[in-house]
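Some notes on the structure that comes next.
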Amino acid sequence: MSTEQLANMRRNYTRDGLLEEHAPLNPFVLFQRWLADAIATEQPPVEPNAMMLATVDAAGQPHCRVMLLKGLDERGFVFYSNYSSAKAQQINDQPAAALTFFWPALERQVRIEGSIEQVTAEESDAYYNVRPLGSRLGAWASAQSQPLACREDLETALALLEERFSDEQPPPRPDHWGGYRVLPKRIEFWQGRTCRLHDRLNYQVEGDGLWKRERLAP
Ligand SMILES: Cc1cc2nc3c(=O)[nH]c(=O)nc-3n(C[C@H](O)[C@H](O)[C@H](O)COP(=O)(O)O)c2cc1C
């Protein structure tokens, strides 16, 4: 792909707008509405609950990867991962995170920024226990983010676990696996418009704990 081809790639966004009169004062209400739209509209291979998670290490280097949103309420946005992974180390060093959702068919983006903490062991147990057996065993088999000599080692580890555990003999949740909740201080909704004059509504938590909404220039 040449620089010229990249420079000429562009879409004109005409699908929708985001005006204050349609935007509730509580950003969680708007997020739930947009997520429902995405689930109804986005076609596979897009996963509507996929989101970019950014964390920062102790040296200030940002790291970004895709996660799946697995829980949502007014406290925040929940995903599950390995508590010994690279991201877990970064979260331990700096308990701050940013999430970005991109819903291309809807020409929408949502950006979330805030602090991050582990969910309770009870919440992690509840989600672990509804995962398919293969995913539960995968959490045991993989030392996420660690170097692996070859793929075979991973498959051997899984095969050994499959001999030990089944749906009748279910594995317990590993201590090194569980949920995180991003507690937002800022949620920004972006709706693509024509001529790059996009709509951006930014919600920010004020000192009184209430959400303040303002429009940002695109
Ligand atoms: C669509 C998609 C969904 C993913 N969902 C998760 C997830 O929910 N949890 C997770 O730990 N990794 C998930 N991953 C893998 C992560 O992007 C990443 O590779 C992994 O968590 C290791 O990241 P780290 O080394 O920075 O800790 C997903 C990847 C993709 C492409």
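Counting convention: from 1, in listed order, for ligands and their atoms alike.
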Assert yes or no for the condition that the ring centre distance of [X] to [Y] is strictly below 6.0 Å.
| X | Y | result |
| --- | --- | --- |
| Trp177 | Tyr83 | no |
| Tyr180 | Tyr80 | no |
| Trp190 | Tyr13 | yes |

How close does the nearest protein non-hydrogen atom get to [atom], and which residue and atom is it?
| atom | result |
| --- | --- |
| atom 11 (O) of ligand 1 | Ser81 OG, 2.7 Å |
| atom 25 (O) of ligand 1 | Ser145 OG, 2.7 Å |
| atom 29 (C) of ligand 1 | Val66 O, 3.5 Å |
| atom 21 (O) of ligand 1 | Lys87 NZ, 2.8 Å |
| atom 8 (O) of ligand 1 | Leu68 N, 3.2 Å |
| atom 1 (C) of ligand 1 | Glu47 OE1, 3.3 Å |

**Message:** Quiz question for you: does at least one protein heavy atom lie closer than 4.0 Å to atom 19 (O) of ligand 1?
**Reply:**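 No, there is none.
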**Message:** Here's a test for you: under side chain to side chain donor-acceptor pair (under 3.5 Å), which of Gln94, Arg65, His63 qualifies with Thr55?
**Reply:** Arg65
**Request:** Take every heavy atom of Tyr80, measure it against each atom of ligand 1, and state whether any distance is under 4.0 Å.
**Result:** yes
**Asked** Would you call Met67 a ligand 1 contact, heavy-atom distance under 4.0 Å?
**Response**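 A heavy atom of Met67 does come that close to ligand 1.
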**Item:** Sole candidate of Arg213, Arg111, Arg215 that passes salt bridge (Lys or Arg N to Asp or Glu O under 4.0 Å) when paired with Glu188
**Value:**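 Single pass found, and it is Arg111.
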